[in-house]
Student: 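Before I ask anything, here is the structure I am working with.
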Number of protein chains: 2
Amino acid sequence: MKLTTKGRFAVTAMIDVALFNHGEPVTLAEISGRQKISLSYLEQLFGKLRRHGLVDSVRGPGGGYNLAKAPGTISVSDIILAVDEPIDTTSCGGEKNCYDDSICLTHHLWASLNAHIFTYLQGVSLQSLVEDAKVRRSPSIHVVKDHRKPSAPLPVAA
Amino acid sequence: MKLTTKGRFAVTAMIDVALFNHGEPVTLAEISGRQKISLSYLEQLFGKLRRHGLVDSVRGPGGGYNLAKAPGTISVSDIILAVDEPIDTTSCGGEKNCYDDSICLTHHLWASLNAHIFTYLQGVSLQSLVEDAKVRRSPSIHVVKDHRKPSAPLPVAA
DNA sequence: AGATACCCGAGTAAATTAGTCAAGCTAAAG
DNA sequence: CTTTAGCTTGACTAATTTACTCGGGTATCT
């Protein structure tokens with residue numbers, strides 16, 4: 001699992017599509033305007049998202065992108081894996097500090113951490129992110145102390 | 001929380017110190033030989049580890065490094081934070097795709113993920129890693145199906 | 001036809017990582 | 001008290017990765 005800004009952009013863009021896809025496909029130009037991501041970069045990202053079956057494209061005027069699946073069935077890990085392909089950070093898949101008796105002292109650790117991160121992101125659906133965004137986008141003046149699911153209970157650590 | 005090979009090297013080196021620190025301090029040259037990490041690179045890493053109070057240095061002949069604290073009280077997150085200083089991956093701490101009503105659609109998500117990773121690594125002590133290493137280093141010919149703590153229950157995901 | 005919008009691959013610039021080098025300081029051994 | 005092993009410091013370079021651009025396509029609708 002690699003965590004780069006590329007993956008972040010991709011997730012943001014997917015949320016945007018989910019938010020603004022009311023019947024008509026969403027164009028990259030719109031997303032670019034709303035999220036301040038360069039059009040060319042979006043093209044690159046959506047090429048991958050499409051090839052991985054996360055979005056469907058419609059060409060020609062009035063075209064754009066639709067989600068290929070229900071937002072509840074798309075996880076953040078799906079999105080990140082789609083754009084950040086080269087996957088294993090487990091090191092030692094042929095790396096050099098992995099020898100005889102001092103065999104990969106930490107291999108275990110990283111593999112396990114990786115799995116952790118992956119599992120976590122797998123558990124977050126696009127839908128849940130969209131719902132969060134909708135709540136936050138509603139008139140913030142009158143924010144009732146809300147009781148939605150405790151998605152982030154934490155100290156923005158490190 | 002940044003996860004780079006630098007952090008991995010640092011953790012590996014710390015395990016090495018913990019493993020071979022029997023009274024005498026451990027020299028970087030030894031670590032370099034055992035773990036195949038360049039001496040100069042180790043110098044850089046241990047400078048940071050020392051400044052963060054994770055190791056103590058002993059100068060002069062017979063010198064080297066000792067752990068500054070009991071391995072049970074040093075967590076992997078301590079080590080990684082020591083060498084990979086610039087900490088926040090939360091984006092949006094002044095980044096550009098964070099505007100008006102489409103405010104940081106994903107901020108929440110990354111902050112939460114960050115906290116997750118951090119908490120996990122904080123829960124892994126150097127001691128536990130050392131114990132794992134010791135087990136693995138024992139005669140591998142006669143590996144009895146062992147029942148030690150289930151540290152990595154997983155599919156080496158992604 | 002012509003405008004709209006996706007498609008795609010090569011190319012580049014910036015940032016990060018990994019690793020080097022050289023000069024200096026410290027303390028133990030002889 | 002001089003030698004010498006070995007840590008200390010920090011600036012410097014090379015390689016890799018990331019982020020992003022560009023230019024020329026192709027499909028489709030009006």
Side-chain angles (χ1 to χ4, degrees), chain A residues 1-13 17 20-21 24-33 35-52 54-68 80 83-89 91 94-97, chain B residues 1-13 17 24-33 35-52 54-66 68 80 83-89 91 95-97:
Chain A
M1 207 64 187
K2 243 183 357 181
L3 300 171
T4 68
T5 67
K6 195 167 175 179
R8 277 200 285 273
F9 280 146
V11 174
T12 303
V17 173
F20 292 97
N21 187 353
E24 297 296 289
V26 180
T27 71
L28 294 189
E30 292 171 38
I31 301 175
S32 171
Q35 308 299 337
K36 308 296 173 201
I37 304 173
S38 106
L39 182 59
S40 328
Y41 201 31
L42 280 174
E43 286 178 351
Q44 198 183 105
L45 297 179
F46 274 80
K48 293 186 175 180
L49 292 173
R50 187 179 53 84
R51 267 171 251 125
H52 282 81
L54 296 179
V55 294
D56 287 331
S57 65
V58 179
R59 307 182 77 158
Y65 289 92
N66 294 303
L67 296 181
I80 292 181
V83 299
D84 266 344
E85 326 215 13
I87 301 172
D88 82 281
T89 326
S91 86
E95 301 215 353
K96 51 192 168 187
N97 63 322
Chain B
M1 207 65 186
K2 242 183 1 180
L3 300 170
T4 69
T5 66
K6 195 166 175 181
R8 278 201 284 274
F9 280 144
V11 173
T12 304
V17 173
E24 297 296 290
V26 180
T27 71
L28 295 187
E30 292 170 38
I31 300 175
S32 171
Q35 307 299 338
K36 307 298 176 201
I37 303 173
S38 107
L39 181 58
S40 326
Y41 202 30
L42 281 174
E43 287 175 352
Q44 198 183 105
L45 297 179
F46 274 80
K48 294 187 175 180
L49 293 172
R50 188 181 54 83
R51 266 172 253 126
H52 281 81
L54 296 178
V55 294
D56 286 330
S57 65
V58 179
R59 307 181 78 156
Y65 289 92
N66 294 304
I80 292 182
V83 299
D84 266 343
E85 327 215 15
I87 301 172
D88 82 283
T89 326
S91 86
E95 302 217 352
K96 50 190 166 185
N97 61 323

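Only a predicted model underlies this, so the values are computations on that prediction, with no experimental measurement involved. In what follows, every chain begins at residue 1, and chains take the letters A, B, ... in the order their sequences are listed.
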Student: Can you tell me the distance, in whole Å, between the NZ atom of B:K6 and the C1' atom of D:dT16?
Tutor: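 Taking atom C1' of D:dT16 as the reference, NZ of B:K6 is at 15 Å.
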Student: With DNA chain C as reference, determine whether A:Q44 or A:G47 sits nearer its 5' end, using the nearest nucleotide of each.
Tutor: A:G47
Student: What contact category does B:S40 fall into here, base, sugar-phosphate, or nothing, at under 4.0 angstrom with non-hydrogen atoms?
Tutor: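 It contacts base atoms.
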Student: Atom CG of B:N66 and atom P of D:dG6: how far apart are they, to the nearest Å?
Tutor: 15 Å
Student: Are A:T4 and D:dA19 close enough that a side-chain N or O sits under 4.0 Å from OP1 or OP2?
Tutor: yes
Student: Starting at CG of B:L42 and ending at P of C:dT20, how long is that distance when rounded to a whole Å?
Tutor: 11 Å
Student: Base, sugar-phosphate, or nothing for A:Y65, non-hydrogen atoms under 4.0 angstrom?
Tutor: sugar-phosphate
Student: Quick one: pull up CZ in B:R50 and OG in B:S57 and give me the separation to the nearest 0.5 Å.
Tutor: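 Here the rounded value is 5.0 Å.
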Student: Going by modelled atom types, is there a donor-acceptor pair between the base of D:dT26 and the side chain of A:R59 at under 3.5 Å?
Tutor: yes
Student: If you check the A:P61 side chain, which of C:dC7, D:dC7, C:dT4 turns out closest?
Tutor: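 Within the option list, the nearest is C:dT4.
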Student: If only side-chain N and O atoms of B:T27 are considered, is one of them under 4.0 Å from the OP1 or OP2 phosphate oxygen of D:dA5?
Tutor: no
Student: In terms of the nearest nucleotide of DNA chain D, which residue is placed more toward the 5' end: A:G62 or A:E43?
Tutor: A:E43
Student: Measure the distance from OH on A:Y41 to C1' on D:dT21 and round it to the nearest whole Å.
Tutor: 11 Å
Student: Looking at A:S38, I'd like to know whether one of its side-chain N or O atoms comes within less than 4.0 Å of OP1 or OP2 on D:dT21.
Tutor: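 Affirmative; the distance criterion is met.
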Student: For a 4.5 angstrom cut-off between non-hydrogen side-chain atoms, does B:F9 reach B:K6?
Tutor: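 Not in contact.
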Student: If I take atom NZ in residue A:K48 and atom P in nucleotide D:dT18, what distance separates them, rounded to the nearest angstrom?
Tutor: 10 Å
Student: When you measure from the side chain of A:S32 to the backbone N and O of A:S38, does any donor-acceptor pair fall under 3.5 Å?
Tutor: no
Student: Within this structure, what is the CZ-to-P distance between A:R8 and D:dC20, rounded to whole angstrom?
Tutor: 11 Å
Student: Rounded to whole Å, how long is the line connecting atom CD of B:E24 with atom P of C:dA28?
Tutor: 12 Å
Student: Does one side chain, of A:N66 or A:N21, offer a donor that lies under 3.5 Å from an acceptor on the other?
Tutor: yes
Student: For C:dC7 and A:R50 - does any side-chain N or O of the residue sit under 4.0 Å from the phosphate oxygens OP1/OP2?
Tutor: yes
Student: Side chains of A:Y65 and A:L49: does their closest heavy-atom pair fall under 4.5 Å?
Tutor: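 No, every pair of side-chain atoms sits at 4.5 Å or beyond.
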Student: To the nearest Å, how far apart are A:L45 CG and C:dC8 P?
Tutor: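 Interatomic distance, CG of A:L45 to P of C:dC8: 14 Å.
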